[in-house]
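These notes concern the structure reproduced below.
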Amino acid sequence: MTVADLSERELIARIQQRLLPRPEWLLVPIGDDAAVVEPARNRVDVLTVDAIVDGIHFDRAFVPPDAIGHRALAVNLSDLAAMGAAPRLALLSMMLPPDLPVADFDGIAAGCAALAARHTVHIVGGNLTRTSGPLTIDVTAIGTVKRRQALTRAGARAGDEVYVSGTIGAAADRGSRAYLYPEPRVRLGVLLARNRAATACMDLSDGLADAAHQIACASGVGMTLDAAAMPVHGDVIAAIAAGDDYELLFTTRPRWRNRLRAAIRHAGVSLTRIGVCTERREVLLSRDGDLEPMPSGYAHFGRSDGLRET
């Protein structure tokens with residue numbers, strides 16, 4: 001049986017049966033023309049959207065359906081984590097080839113719903129449509145954070161220390177769990193914001209090198225990062241240039257180490273100090289006693305600077 005054998009209402013019902021119970025703040029849930037939600041008191045909304053496309057971001061030939069659904073939501077939760085926002089709700093849109101097996105559809109929905117449940121994210125609506133092109137999943141996620149606690153890329157200054165979470169480079173292996181089921185650092189991001197322990201932050205969807213360039217540019221500083229300190233999986237240059245790690249790169253004031261310790265005590269992830277921000281607006285890699293320009297990160301459209309907007 002394929003998705004072409006079922007009505008849109010039947011497909012939506014197959015998603016609904018996997019979702020968390022409706023919270024009180026969700027006044028009109030999935031199934032109507034639009035969702036109606038109450039705002040979180042004394043907090044601001046943080047919104048992000050991202051799409052994953054078969055043949056570009058994943059390959060159905062070797063990526064299991066539940067991993068596709070997991071990744072579709074995880075990339076958005078990672079963006080919220082980078083802003084210090086606690087995820088709250090999501091909209092799920094799926095562009096389905098008519099020959100997609102219903103079993104695969106169910107697997108995608110299950111993978112997305114399972115990650116949503118782990119982070120208490122409520123899927124409140126979205127859209128289903130047929131496509132003659134590749135399978136495409138587009139997720140809009142909304143989180144909340146206190147007004148003065150939102151993290152951005154633009155707060156670093158010279159003298160700030162640079163940290164990265166977890167390890168980098170493992171997702172370059174497209175068969176690895178790190179690639180198939182990336183773990184967004186939601187709790188770490190929320191704790192960094194709550195404890196005001198970071199001056200700037202970004203996730204590593206396009207690689208550590210890209211994030212370093214982006215934070216430096218937005219903050220008007222440079223960075224010198226130590227290759228020997230990098231918590232890498234495999235070759236350091238390949239690891240820092242590759243994407244899909246979904247770790248967090250952030251900066252912090254040296255005098256804020258007590259705040260940082262308080263944040264990471266409950267974050268459940270390792271942190272590594274890998275460098276420092278500088279006045280000279282260059283992003284450099286210290287390797288074997290020499291300083292060299294930091295490689296560019298992943299580029300979607302072949303731009304020479306290696307940067308992209310996410």
Side-chain angles (χ1 to χ4, degrees), residues 50 57 71 74-75 78-79 81-82 151 153-154 156 158 160-185 188-189 192 198-252 264 269-278 280-310:
D50 215 332
H57 304 95
R71 285 180 58 81
V75 299
S78 185
D79 282 337
L151 303 174
R153 304 174 187 180
D160 284 1
E161 297 174 332
V162 184
Y163 285 81
V164 68
S165 66
T167 59
I168 57 174
D173 176 1
R174 294 301 187 250
S176 68
R177 183 167 186 86
Y179 171 77
L180 295 174
Y181 302 95
E183 187 61 42
R185 300 304 184 186
L188 174 61
L192 289 175
T199 54
C201 188
M202 184 175 171
D203 81 331
L204 304 188
S205 56
D206 290 338
L208 186 146
D210 173 72
H213 282 291
Q214 297 269 24
I215 290 176
C217 180
S219 298
V221 299
M223 284 187 189
T224 298
L225 304 183
D226 184 1
M230 301 280 186
V232 300
H233 182 92
D235 176 73
V236 64
I237 298 298
I240 64 178
D244 291 316
D245 280 317
Y246 299 101
E247 297 293 345
L248 295 183
L249 183 76
F250 67 92
T251 58
T252 184
I264 65 176
V269 60
S270 63
L271 295 180
T272 306
R273 182 184 181 277
I274 61 171
V276 64
C277 294
T278 61
R280 189 175 180 180
R281 295 189 180 186
E282 293 181 292
V283 182
L284 302 173
L285 184 66
S286 174
R287 190 162 60 137
D288 300 325
D290 296 322
L291 291 176
E292 57 190 66
M294 177 68 69
S296 296
Y298 178 81
H300 270 263
F301 299 104
R303 287 160 48 180
S304 60
D305 62 5
L307 305 181
R308 71 157 176 163
E309 296 297 323
T310 55

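Every value quoted in this text rests on a predicted model; they were computed, and no experiment measured them.
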Would you indicate whether the side-chain heavy atoms of V283 and I215 approach each other to under 4.5 Å? no
Under the side-chain hydrogen bond (donor to acceptor under 3.5 Å, both in side chains) rule, collect the residues that match up with S78, sequence neighbours excluded. D203
I need the minimum non-hydrogen distance between R71 and Y246, along with the two atoms involved. NH2-OH, 4.2 Å
Do you know which two heavy atoms are closest between A158 and T278, and how far apart they sit? CB-C, 3.8 Å
Single hit among I168, L249, T224 for side-chain contact (heavy atoms from CB on, under 4.5 Å) with I274: L249
Contacts of A218 meeting side chain to side chain contact (heavy atoms under 4.5 Å, CB included) (sequence neighbours excluded), chain-then-number -> R153, A154
Pairing residues for R280 by the side-chain hydrogen bond (donor to acceptor under 3.5 Å, both in side chains) criterion, not counting sequence neighbours: E282
Atom of E292, atom of R287 and distance for their closest heavy-atom approach: OE2-NH2, 3.1 Å
Test item: L192 and F250 side chains (from C-beta on) under 4.5 Å apart, heavy atoms: yes
Could you give me the CA-CA distance, side-chain angles and deciding distance for L248 and V269, then say whether side-chain contact (heavy atoms from CB on, under 4.5 Å) is met? CA-CA 11 Å; L248 295 183; V269 60; over 6 Å; no
Could you tell me if the side chain of I240 sits less than 4.5 Å from the side chain of L285, heavy atoms only? yes
Please list every donor-acceptor pair under 3.5 Å in which a side-chain atom of residues 225-239 meets a protein atom from a residue at least two apart or in another chain.
{"from": "D226", "atom 1": "OD1", "to": "A228", "atom 2": "N", "distance (Å)": "3.0"}
{"from": "D235", "atom 1": "OD2", "to": "I237", "atom 2": "N", "distance (Å)": "3.2"}
{"from": "D235", "atom 1": "OD2", "to": "A238", "atom 2": "N", "distance (Å)": "2.9"}

Going by side chain to side chain donor-acceptor pair (under 3.5 Å), name the pairs with one or both residues in residues 171-180, residues two or more places apart or in two chains. R174-D244
Just to verify, what does T199 make a side-chain hydrogen bond (donor to acceptor under 3.5 Å, both in side chains) with, not counting sequence neighbours? D160, T251
Closest non-hydrogen atoms of M294 and H213, given as atom of the first, atom of the second and distance, are O-NE2, 3.3 Å
Step by step, work out the side-chain contact (heavy atoms from CB on, under 4.5 Å) result for L208 and D245. CA-CA 9 Å; L208 186 146; D245 280 317; over 6 Å; no
